[in-house]
Amino acid sequence: MNNGLLTEKHQGEFLTDFSLKNTTEMINNAVARLPEEMNNKKTHFILELIRSDEFNKAGEWNLWLRDSIAELFANAVEEMKRKNDFLTDGFHFLPLKDEAQDEFFNLIVDQIYAKIRQMDCILAESGRLTAPGRVFTASPEIRELISGDDIRLIFEMEFVSPEIKADEKLLWELGVAEFTHSHLLECLSCTEWLSAKSDQWMAQLYIYLNRHGLDRKYSSAFHSLKTIRMSDGTQASPAAGKVFFPFDASENYCFEKDLPFCSSTILQLDNREKNIRHFLENTGVRKPASDEIIRDFIIPFFHRLRNTSASESNGKSIHPDYIRFIKEAYINHVRETSAVCWNLMEDVRNSILLRVESSNGCEYRKADEIYLSRTYSGNGILEKLFSGIDGINFIHTEYLTPETEQTTGNNPVGKISEYRELRRKAKPWQTFFTALGIENKPRVTAGKNNIYETSQTPDWFEGRQYMVWNEQTCPDMEKVLETGTKEQKSLLYRQIEKHAAEYSEKITTKYTYKPKRGILECHGGKTKTRFGRLVEGMKGAL
């Protein structure tokens, strides 16, 4: 078809003529007409031809003319594009399928759509014309969330210009795609693109997703997508590991930055319906349990620390927040369950390092090598007992709050309220440290089973050795007896008497001889432990 040049006035409307070429020999100089000024009366596309009872449908002319209508429309579109008449409201003249009622004309609509789908005739948001299959329609909410630049980057497509005035059903028939939730999920699978978005945008996204129930409808997809903005600005998915809500505002620990917490900034942007929190909960984010934090993060932290250090302290400071968190978890456990038995205590006791008072800077020891200092116990008896004796470690005061660190632990005149406040804050620490194995009395340690020589073994036993089971040693007490003053030795004995009930099972133990071959019965008896012999010797000396 060639664009015609003839226009005429007909029944009050302007008409544009398009001459038809490639006609049969019997049809020459045929002319078809379309309205030049379109309106909502889309029945113009049928023109006068749809008076189906007024012509012979089987006639060669009519068949040819019907089959030429699609090309006629395509040429009309090109002409209108040239005149810029088609950019926004030129789709009014295009037919919908349900407007062609006669079977003779039904296929024309599909032919017209097929022609126009191949043409750059849709005004995109960028202002250029493109093929219908290269643009999306989308709801205002989506267009506010996903920009045209995002669409071009991810799909190499564009949004339809908001100026387009056309029936959505018609646009879909032409091949314009609707931006669906599946497309949104495809966007969210682009982690690098998602990481570049602001916290404000992420908050808007979570609100949209939760309001439309997408976090429930596509729960498995969201569990694997990296849609969770973390506290360090990275993206994570619950499927890759645990993701937690941040601690409450009243809690503040130095190691929070090392924990898998979602962004607290985004949570602060939540709306009245709590859509952001609900979305995060539905995708697997949860409040961290104290035991879980200790088991999975704090204990491994100390393991790494000890494995990479040349010595247990290595001269580096370990922030007291790690121990403070464990203490609070233990105290809460005791308060809530009324039970001192805590399933993590053994692992904690064997893993953590605690700072001790030292003139050499930062020194750390395991709990079973440390004594409770006067700041926590409320008295200075052990400091007096071990004064001037090397190798005795007292727990550092840094685990109390800075306010209580400034208090000496004495009962100064006029400062009774200050002293009481110190004791109140120190009491939970004393409970926790004692449970860990930090001693508030001279330490007696269960050692390995020891082998001793004797000259009194019976003939039917092999050698001159016997084994003492569960030997109890007291090296710190021995140091007092070796180097301490008379006053310190007397104080040690008074401490032993004071804690006699706790020491009673450590005074004696069993021993056995090593039998000769073929003798199964193991003979032995009771004997004094090393600690028992020390106590017995002190009685005689004092």
Side-chain angles (χ1 to χ4, degrees), residues 84 86-89 91 117 119-172 174-218 221-222 224-237 262-263 265-271 273 275-280 282-283:
N84 289 331
F86 196 70
L87 296 181
T88 58
D89 58 358
F91 291 95
R117 287 190 192 109
M119 303 174 67
D120 291 338
C121 59
I122 298 290
L123 184 64
E125 191 178 52
S126 64
R128 69 185 185 91
L129 289 174
T130 187
R134 305 301 304 164
V135 289
F136 283 117
T137 62
S139 67
E141 282 184 293
I142 284 291
R143 296 184 80 146
E144 185 179 351
L145 192 64
I146 307 296
S147 70
D149 290 338
D150 295 332
I151 294 298
R152 284 188 286 274
L153 175 67
I154 297 173
F155 300 98
E156 297 183 351
M157 294 177 65
E158 295 192 63
F159 281 131
V160 170
S161 170
E163 299 178 10
I164 288 287
K165 299 178 179 66
D167 191 302
E168 283 195 355
K169 183 178 179 182
L170 175 63
L171 293 178
W172 297 340
L174 292 177
V176 176
E178 179 186 13
F179 191 91
T180 65
H181 290 148
S182 296
H183 292 109
L184 179 57
L185 289 178
E186 190 171 345
C187 291
L188 300 182
S189 67
C190 300
T191 305
E192 186 175 348
W193 168 81
L194 202 58
S195 299
K197 294 297 184 180
S198 67
D199 288 346
Q200 182 70 43
W201 186 92
M202 292 297 297
Q204 184 182 359
L205 170 69
Y206 294 163
I207 291 172
Y208 175 87
L209 294 171
N210 192 254
R211 279 180 173 169
H212 290 268
L214 304 188
D215 48 355
R216 281 88 74 193
K217 183 178 180 181
Y218 302 103
F222 279 111
S224 58
L225 290 175
K226 293 184 177 181
T227 54
I228 309 302
R229 176 63 56 84
M230 303 300 286
S231 59
D232 61 358
T234 61
Q235 297 295 129
S237 70
C262 65
S263 171
T265 304
I266 292 179
L267 283 169
Q268 292 170 5
L269 299 173
D270 208 350
N271 58 8
E273 294 81 18
N275 286 118
I276 293 177
R277 177 167 287 273
H278 292 158
F279 167 79
L280 294 172
N282 291 333
T283 52

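When a residue number appears, it is its place in the shown sequence, counting from 1.
- The CG atom of Leu129 lies 8.5 Å from the CD1 atom of Ile122; values are rounded to the nearest 0.5 Å.
- Contact detail for His212 and Glu141: the closest heavy-atom pair is NE2-OE1, 3.1 Å.
- Under the 3.5 Å distance criterion, the side-chain polar atoms of Asn275 are left unmatched by any main-chain donor or acceptor of Phe279.
- Within the 4.5 Å cutoff, the side chain of Leu209 has heavy atoms near those of the Phe222 side chain.
- Of the inter-residue distances, the one linking Thr265 atom OG1 with Asp199 atom CG reads 5.5 Å to the nearest 0.5 angstrom.
- The shortest side-chain heavy-atom distance between Arg216 and His278 does not fall under the 4.5 Å cut-off.
- In this structure, Thr234 contributes its side chain and Met230 its backbone to no donor-acceptor pair below 3.5 Å.
- Counting heavy atoms from C-beta on, the side chains of Leu269 and Gln200 come closer than 4.5 Å.
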Under 3.5 Å, side-chain donor or acceptor atoms of residues 175-183 against the rest of the protein: list the pairs with distances, not counting sequence neighbours.
{"residue": "Thr180", "atom": "OG1", "partner": "Ser182", "partner atom": "N", "Å": "3.3"}
{"residue": "Thr180", "atom": "OG1", "partner": "His183", "partner atom": "ND1", "Å": "3.0"}
{"residue": "His181", "atom": "NE2", "partner": "Tyr208", "partner atom": "OH", "Å": "3.1"}
{"residue": "His183", "atom": "ND1", "partner": "Thr180", "partner atom": "N", "Å": "3.0"}

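- Taking 4.5 Å as the limit, some side-chain heavy atom of Arg229 sits within range of a side-chain heavy atom of Gln235.
- Side-chain contact between Pro162 and Arg143 is present, with at least one heavy-atom pair separated by less than 4.5 Å.
- Residues Leu194 and Lys226 come closest through the heavy atom pair CD2-O, 3.3 Å.
- The distance from atom CG of Asn210 to atom CG of Asp215, rounded to the nearest 0.5 Å, is 4.5 Å.
- With respect to the salt-bridge test (charged N to carboxylate O, under 4.0 angstrom), the residues Glu158 and Arg134 do not qualify.
- Residues Ala124 and Thr130 come closest through the heavy atom pair CB-CG2, 4.2 Å.
- Looking at every heavy atom in both residues, Leu225 comes nearest to Ser237 through O-CB, 3.0 Å.
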- Task: Decide yes or no on side-chain contact (heavy atoms from CB on, under 4.5 Å) for Phe159 and Val135, but give the supporting numbers first.
- Result: CA-CA 5 Å; Phe159 281 131; Val135 289; over 6 Å; no
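- Glu144 CD to Ser139 OG: the interatomic distance, rounded to the nearest 0.5 Å, is 9.5 Å.
- Checked by atom type, the side-chain pair Ser147/Asp149 shows no donor-acceptor distance below 3.5 Å.
- Between Ser189 and Leu185 the shortest side-chain heavy-atom distance does not fall below 4.5 Å.
- Asp120 and Ala131 make their closest contact through OD1-N, 3.1 Å (heavy atoms, listed as atom of the first residue, atom of the second, distance).
- Annotation: side chain of Tyr206 is in contact with side chain of Leu280 (closest heavy-atom distance under 4.5 Å).
- Using a 4.5 Å cut-off on side-chain heavy atoms (C-beta onward), Asp150 and Leu145 make no contact.
- Judged by a 6.0 Å distance limit and a 45° cone about the ring axis, Lys197 is positioned over the six-membered ring of Trp201.
- Across all non-hydrogen atoms, the minimal contact from Glu163 to Leu123 is OE1-CD2, 4.4 Å.
- To the nearest 0.5 Å, atom CG of residue Leu188 and atom OG1 of residue Thr227 are 7.0 Å apart.
- Remark: Cys262 SG to Ile228 CD1 distance equals 7.0 Å, nearest 0.5 Å.
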